[in-house]
Number of protein chains: 4
Amino acid sequence: MPDASRRSERSRSAILRAAVALLEEKEYADLTVEAIASRAGVGKQTIYRWWGGRGPVVLDALIDHLGPDGPPSLPDTGDLEGDLRLVLRAIVAELADRRLSATTRALTIETLSSDEFAERMRDRLLRPQLDTIKERLRAARAAGQVRDDVDLDHAVELLIGPAYHRWMMRTGPLTEGYADDMVDLALTALRPAAVRSGAAGGAADSP
Amino acid sequence: MPDASRRSERSRSAILRAAVALLEEKEYADLTVEAIASRAGVGKQTIYRWWGGRGPVVLDALIDHLGPDGPPSLPDTGDLEGDLRLVLRAIVAELADRRLSATTRALTIETLSSDEFAERMRDRLLRPQLDTIKERLRAARAAGQVRDDVDLDHAVELLIGPAYHRWMMRTGPLTEGYADDMVDLALTALRPAAVRSGAAGGAADSP
Amino acid sequence: MPDASRRSERSRSAILRAAVALLEEKEYADLTVEAIASRAGVGKQTIYRWWGGRGPVVLDALIDHLGPDGPPSLPDTGDLEGDLRLVLRAIVAELADRRLSATTRALTIETLSSDEFAERMRDRLLRPQLDTIKERLRAARAAGQVRDDVDLDHAVELLIGPAYHRWMMRTGPLTEGYADDMVDLALTALRPAAVRSGAAGGAADSP
Amino acid sequence: MPDASRRSERSRSAILRAAVALLEEKEYADLTVEAIASRAGVGKQTIYRWWGGRGPVVLDALIDHLGPDGPPSLPDTGDLEGDLRLVLRAIVAELADRRLSATTRALTIETLSSDEFAERMRDRLLRPQLDTIKERLRAARAAGQVRDDVDLDHAVELLIGPAYHRWMMRTGPLTEGYADDMVDLALTALRPAAVRSGAAGGAADSP
DNA sequence: CGCTAACCGAGACGGTACGTCTCGTCTTAAA
DNA sequence: TTTAAGACGAGACGTACCGTCTCGGTTAGCG
């Protein structure tokens with residue numbers, strides 16, 4: 001119904017910037033449509049007209065914030081374990097920081113609350129990030145460092161799923177050591193039998 | 001301040017039952033204190049007096065609902081892979097069912113929203129469940145089926161983290177095949193080198 | 001703070017009509033803000049925004065109900081006693097009727113409860129009514145029917161004060177005879193000595 | 001139903017004292033049953049058992065407070081005008097004082113709210129006070145200072161009604177001058193024609 | 001002189017209304 | 001027609017009291 005050609009670019013970007021700013025400095029429960037509108041100096045109706053609610057604004061804001069071109073592809077140094085350690089250490093560092101993980105927290109809450117949001121978030125934000133890891137694994141498989149018979153999507157989830165679980169459920173600290181340990185475990189599972197090296201893990205049980 | 005000895009057991013259980021019922025039949029956003037009070041035939045003040053808000057009620061309701069004795073310990077048939085497949089298949093089946101997973105969805109949202117809730121939920125609901133898996137793995141390690149050098153907490157997260165990630169992010173279907181595949185991958189990572197069998201996984205890449 | 005130019009006339013009048021209707025059909029204690037809002041099909045906030053509570057709404061409702069132009073001026077037939085009997089009989093008849101006096105009862109309770117309400121009620125509702133009587137007495141004084149040295153405000157209170165006292169305190173029936181008797185007594189007090197006729201009153205003592 | 005012989009005198013008097021104290025230091029709206037019970041160190045049920053609610057407690061409290069023997073009879077110096085001036089000046093002084101008139105305010109509100117309360121208040125508190133004035137007037141009538149044909153109840157209301165009206169409606173200041181003026185006006189109406197002196201009133205109109 | 005029934009304080013209970021907050025829609029005036 | 005502004009109907013929030021009910025613990029009067 002609204003005529004997109006008349007849409008105010010000034011308002012659009014003010015809204016997205018306000019949403020990101022509020023995400024970073026307040027609890028997600030305080031990120032109300034009224035707060036965004038007020039901070040952006042915009043009428044509430046402008047938000048409801050073009051997005052329809054808080055969720056879609058947050059999604060757009062983060063897409064915009066994290067770079068509309070999507071994440072850069074992972075480096076491929078040839079050292080699979082080293083490359084994956086860098087990725088997982090980065091993920092774990094972001095999750096461990098309350099400020100940095102605020103956006104992920106917001107996205108997760110919204111994802112759990114709305115199917116529609118979940119799909120859009122997955123396709124427009126998450127998938128591109130996971131695909132960078134998947135591509136690295138695909139290259140590794142071509143190089144014979146990963147078994148031919150593993151589903152690469154499963155492989156990605158094996159790598160990062162545990163960290164997200166630990167973050168959400170607060171079951172333990174998110175450290176570099178944890179990241180490295182998980183990379184070891186995952187690679188042990190993924191490497192071809194012939195190539196498989198001896199040890200993974202190495203820590204004793206947590207108390 | 002309130003005198004617990006005068007607390008009405010009738011009201012307490014009516015409230016918890018109402019909360020579970022509403023969780024299963026409505027969106028989490030519709031689970032208001034007023035709705036719980038009304039459904040339970042109880043004054044709002046009774047909820048605020050003993051719990052203080054929606055979150056703690058939901059937590060208690062689920063602790064009560066899932067059995068106050070905690071989850072039963074896992075069977076140990078000697079077949080580690082078989083036992084773990086049963087566990088992960090059960091988890092995946094619950095997550096795949098919209099009705100059954102409503103409680104987990106609610107808990108996760110509340111966990112992401114409140115630190116205090118997160119801690120209580122982790123200690124009173126989640127930990128006991130994870131510990132049953134941990135104990136099964138400990139037995140397996142004693143039997144030489146799991147490497148001595150893995151942190152069992154990490155092992156548990158390796159096993160179930162991917163499924164929760166897939167559930168939350170909707171990155172793919174949650175099937176028995178997925179559960180079995182993840183058990184294979186995890187066990188490949190966990191088994192001592194000497195015992196390690198050839199294949200894990202087996203599916204081609206998802207499209 | 002609210003912008004009066006955007007105020008909804010539809011809501012304003014619906015609220016005032018609802019208040020009058022409820023005043024006439026229920027006890028004053030049942031005249032809650034929620035009941036008014038519900039009956040008027042209006043959000044509670046609209047009442048709190050423009051009035052601030054029950055009292056001011058009731059005041060406005062009655063000002064609106066009794067005619068925003070104020071009471072009509074009293075007739076002046078030249079017969080002072082006759083004119084005043086009409087006034088006091090009308091007052092007494094209204095007070096004697098439970099339904100008709102419901103509004104006066106409400107106003108009086110609110111007046112006794114709030115200084116601010118008391119002032120607004122006096123200036124906007126009561127004073128205009130008392131002034132009509134005062135004007136009639138002023139005309140009578142000009143015609144030599146009332147002594148020059150009486151304070152006309154005192155004269156008005158001498159006339160109507162007893163009836164209100166009897167109504168409030170239920171010390172006796174409010175009849176036409178009572179009204180006439182009080183007019184006689186008051187006029188006896190007010191008439192110039194030269195004009196003063198013999199008898200006032202006439203009833204024997206009440207039992 | 002309750003057995004009066006077992007009633008606790010300690011509680012009874014604590015409740016009445018608490019009610020009077022709260023009446024004098026708070027708004028009438030703050031005089032809740034819970035506040036009385038708490039101040040008196042008494043269970044709420046004790047109040048509901050013996051009185052049934054706030055109104056009856058207030059009534060009893062004031063009867064108790066103002067002296068259970070009722071008001072003393074008026075002095076009769078032979079000077080009717082002087083005696084009545086004392087009475088009306090006392091009434092007016094009490095009404096003019098916010099603290100002293102708090103009890104009258106409370107009684108009036110309750111009287112307007114409940115028929116049952118109104119009757120009990122009238123018979124047990126008000127009538128005895130009015131009767132002292134009535135008796136003084138009866139003596140005056142016997143002495144030929146008041147006309148034989150006036151209803152003494154009407155005469156009492158003529159005397160005090162205006163002051164109560166002015167108090168309630170805040171239509172003007174309650175001063176000794178006002179009291180004296182009203183006594184003059186009333187006596188002018190009440191005196192036998194033969195005895196009637198020239199002037200009553202004397203103030204010019206209020207501005 | 002002990003039993004026992006009613007009182008007592010305390011305060012939890014199911015309710016109702018309060019006054020506030022935020023939602024998502026609707027209305028207005030300016031650009 | 002879109003915008004900023006903000007009033008609107010709706011309804012949940014958390015609090016205060018209502019009047020009733022349920023506890024143990026006195027306390028008085030009958031046996």
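Order of the sequence lines sets the chain letters (A, B, ...), proteins ahead of strands, with each chain counted from 1.
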Taking every heavy atom of A:Glu24 against every heavy atom of A:Arg99, the minimum-distance pair comes out as O-CD, 3.0 Å
C:Ile47 atom CD1 is separated from E:dA17 atom P, nearest whole Å, by 13 Å
Between CH2 of A:Trp51 and P of E:dG24 the distance, given in whole Å, is 15 Å
Side-chain donor-acceptor contacts of residues 38-46 of chain D below 3.5 Å, not counting sequence neighbours, with atom names and distances?
from	atom 1	to	atom 2	distance (Å)
D:Arg39	NH2	D:Glu25	OE1	3.4
D:Arg39	NH2	D:Glu25	OE2	2.3
D:Lys44	NZ	D:Glu34	OE2	3.0

Might you list the N or O atoms of the protein lying below 3.5 Å from N or O atoms in nucleotides 24-30 of chain F, with each pair's distance?
from	atom 1	to	atom 2	distance (Å)
F:dA28	N3	D:Arg6	NH2	3.3

Comparing nearest nucleotides in DNA chain E, the 5'-proximal residue of the pair B:Ala4, C:Ala29 is B:Ala4
Closest to the 5' end of DNA chain E, once C:Asp30 and D:Gly43 are matched to their nearest nucleotides, is D:Gly43
Expected list for residues 113-120 of chain A near DNA chain F, using heavy atoms below 4.0 Å, is none
Using a cut-off of strictly less than 4.0 Å, decide whether [X] has a side-chain nitrogen or oxygen near OP1 or OP2 of [N].
X	N	result
D:Thr46	E:dC7	no
B:Arg49	E:dC13	yes
C:Trp50	F:dC8	yes

Notebook entry, point to check: Does CZ in D:Arg10 sit with more than 12 non-hydrogen atoms of other residues, nucleotides or ligands closer than 6.0 Å?
Noted result: no
Problem - Crowding at CD, C:Glu9 (>12 non-hydrogen neighbours, <6.0 Å) - result: yes
Protein and nucleotides 18-21 of chain E: nitrogen or oxygen contacts under 3.5 angstrom:
from	atom 1	to	atom 2	distance (Å)
E:dC18	OP1	C:Val33	N	2.8
E:dC18	OP2	C:Val33	N	3.3
E:dC18	OP2	C:Glu34	N	2.9
E:dG19	OP2	C:Tyr48	OH	2.6
E:dG19	N7	C:Lys44	NZ	3.0
E:dG19	O6	C:Lys44	NZ	2.7
E:dC21	N4	C:Gln45	OE1	2.6

Does a salt bridge link [X] with [Y], judged by any charged N lying under 4.0 Å from a carboxylate O?
X	Y	answer
A:Arg98	A:Glu27	yes
A:Asp115	A:Arg120	no
A:Arg124	A:Asp60	yes

Side chains of [X] and [Y] in contact at under 4.5 Å (non-hydrogen atoms):
X	Y	value
C:His65	C:Arg17	no
A:Trp50	A:Ile15	no
C:Val33	C:Val57	no
D:Met168	C:Met168	yes

inquiry  = Taking B:Arg170's backbone N and O only, do any of them form a donor-acceptor pair with A:Arg122's side chain (distance below 3.5 Å, no angle check)?
reply    = yes
Below 3.5 Å, can you tabulate the donor-acceptor pairs from side chains in residues 106-113 of chain C to any protein atom, sequence neighbours excluded?
from	atom 1	to	atom 2	distance (Å)
C:Thr108	OG1	C:Thr104	O	2.6
C:Glu110	OE1	C:Tyr28	OH	2.1
C:Thr111	OG1	C:Leu107	O	2.8
C:Ser113	OG	C:Ile109	O	2.8

Contact check, residues 7-24 of chain C vs DNA chain E, heavy-atom distance under 4.0 Å, returns none
